[in-house]
Amino acid sequence: MELDLNVLRPQERTALQLRLLYEWEGFQKYHMGRFEEYGLYQENRRFLSSEQVITFTDLDGRLLALKPDVTLSIAKNAQVAPGGCGRYYYQENVYRPSQESHTFREISQMGLECIGAVDAAAAAQVVSLALRSLALTGRDFVLEVSHMGFVTGLFDAVGAAEAVRPRLLTCIRDKNVHELRRTAEAAGLSRQGTDALCRLGTLAGPWQEVLAAAEPLALNAAMGAALEALRGLCRALEDQGQTDHWKLDLSLVNDMEYYNGLVLQGYLAGAPRAVLRGGQYDPLAEQFRPGARAIGFALYLDELDRLSDEAAEEPAGPVMLNVALPKGRLGDKVYDLLAGVGYGCPENYADTRKLVVENPRAGIRYFLVKPSDVAIYVEHGAADIGIVGKDILAESGADVYELLDTGLGRCRMCVAGPKDFQEDQSRALRVATKFVNIAKRYYAAQGRDIDIIQLNGSIELAPILGLSDVIVDIVETGTTLRENDLKVLTEFMPISARFIANRASYQFKHRQIETLLKKLTEVTES
């Protein structure tokens with residue numbers, strides 16, 4: 001009887017193929033127990049994606065945890081000879097909080113780690129295996145490669161203070177150039193420094209072009225070393241015949257406390273988010289072995305089982321951009337703008353009860369959705385792009401690219417209260433709002449204790465009736481506040497409609513998205 005791998009689930013089939021690949025390349029299997037002492041995670045929580053961990057006390061009275069991370073355990077327990085390089089692969093489940101369901105998820109991972117004397121050849125082997133791992137899925141894929149040393153070096157060169165760097169990094173990661181510029185200017189960076197940061201988003205594509213464009217930006221030794229490391233890696237990959245399905249993107253960044261060198265991110269056609277993540281994490285390795293270096297990646301096997309068989313096939317006909325269009329005045333304005341530059345549809349969506357209208361010739365398809373749902377459709381890949389208010393985007397925390405501030409629907413997020421309001425610092429501030437997450441983040445940044453009162457309408461009524469001390473809400477003209485003897489106490493977030501894109505769609509429909517974005521930018525900035 002012949003073994004037919006097609007009877008296996010995609011996750012099982014790929015896991016078997018990956019195991020053969022990794023062992024052939026000299027990696028040995030690492031198996032860890034289901035539990036780890038909680039102290040390991042507590043002492044190294046800065047290296048975890050979330051500090052929330054499932055804990056319990058065992059029969060001996062020890063506080064244990066269901067593992068939220070595999071790399072940390074390998075870094076701690078791997079047996080590496082002095083001067084040697086340990087090569088390990090694993091297939092494990094980890095337990096992490098899910099933002100979507102507000103519960104813990106069991107996540108199936110398969111990946112590999114090199115720890116110890118990791119040189120350029122070992123790093124190239126890891127990146128090569130990341131490419132080969134994605135190829136084994138049988139789907140179209142893209143692997144992005146970058147180097148954290150270039151970005152952190154640029155922060156040093158432009159004089160970015162440590163306190164503002166996480167915010168700058170988030171803007172770079174989200175390709176959010178408009179907020180990156182505002183944040184840099186507010187932090188007191190020079191115009192030249194701000195421009196240099198904003199250019200990072202353009203440094204993406206074929207490696208020769210990216211490195212040539214990045215050379216003039218290499219303002220210090222750290223940036224130069226990062227480019228040299230990337231150049232050596234790219235040449236090594238090409239020498240191995242791996243010329244396709246990967247690119248450099250110097251705006252690909254990750255946690256500065258964890259990653260200090262190469263960073264990787266892989267996408268599969270049909271998957272709404274990255275299915276492979278990794279990079280160089282020397283700071284963690286040095287926690288257990290002074291002077292050690294480390295690099296690795298994890299492939300999220302769960303994502304493979306979510307893919308349909310149809311996603312592996314090449315789509316027939318023109319590539320269609322799927323747009324989540326908010327119903328109402330904002331959607332009407334956006335549609336008129338896009339229709340004016342060639343993205344209209346023969347069928348007027350306002351004259352039909354259809355929720356989907358399209359124009360195959362223009363390569364556009366509109367989904368008419370509730371404004372509060374736009375970011376959800378885009379984040380989960382049901383739509384490639386969308387237009388959404390910054391208030392909804394910030395409240396949802398959707399993991400998307402924020403490519404353009406359209407300037408439509410301008411207003412601001414404010415704290416408002418009675419005209420004679422005097423804050424009592426001796427107790428928690430009572431805050432009424434429908435923007436719970438925005439309010440929590442705003443007051444957490446100030447270190448202020450608050451009690452949230454969630455309301456969905458007539459927010460202004462809360463302080464009038466003594467239900468709250470203040471409100472956090474959108475203010476456009478302020479008329480409602482004035483008519484109810486309230487006033488704006490603080491403005492803290494400008495609101496307008498933003499053009500967003502799904503991270504995976506941006507890889508596979510990059511040309512179409514950039515073409516539309518360019519036309520939309522020309523219209524909104526004219």
Has Arg181 got a side-chain atom pairing as donor or acceptor with Thr194's backbone, closer than 3.5 angstrom?
no
Does the salt bridge (Lys or Arg N to Asp or Glu O under 4.0 Å) test come out yes or no for Glu179 and Arg498, once each step is laid out?
CA-CA 11 Å; Glu179 298 225 352; Arg498 309 298 168 91; 2.9 Å; yes
I'd like to know if the side chain of Asp69 and the backbone of Thr71 have a donor-acceptor N/O pair within less than 3.5 Å.
yes
For side-chain contact (heavy atoms from CB on, under 4.5 Å), just list the numbers for Trp207 and Leu237, CA-CA rounded to whole Å, side-chain angles, deciding distance to a tenth of an Å, and then say yes or no.
CA-CA 11 Å; Trp207 70 271; Leu237 293 176; over 6 Å; no
When you measure from the side chain of Lys29 to the backbone of Gln91, do you find a donor-acceptor pair of N or O atoms at a distance under 3.5 Å?
no
Ignoring hydrogens and geometry, is there a side-chain-to-backbone donor-acceptor pair from Asn322 to Asp384 under 3.5 Å?
no
His31 side chain near Glu92 side chain, heavy-atom distance below 4.5 Å
yes
Is Glu238 salt-bridged to Arg235, cutoff N-O under 4.0 Å?
no
Would you say Tyr377 has more than 12 foreign heavy atoms packed within less than 6.0 Å of its OH?
no
Residues which pass ring-ring contact (aromatic ring centres under 6.0 Å, His included) with Tyr22, listed by chain and number, not counting sequence neighbours:
Tyr89
Rounded to the nearest 0.5 Å, how far apart are SG of Cys85 and CG of Asp119?
7.0 Å
Geometric class of the Phe141/His245 ring pair [parallel <30°, tilted 30-60°, perpendicular >60°]:
parallel
Answer yes if the side chains of Gln265 and Tyr267 hold a donor-acceptor pair under 3.5 Å, and no otherwise.
yes
Taking the side chain as everything from C-beta on, heavy atoms only, tell me whether Arg132 gets closer than 4.5 Å to Leu21.
yes
Residues Ile513, Leu403; criterion side-chain contact (heavy atoms from CB on, under 4.5 Å); working and verdict:
CA-CA 10 Å; Ile513 292 175; Leu403 300 176; 4.1 Å; yes
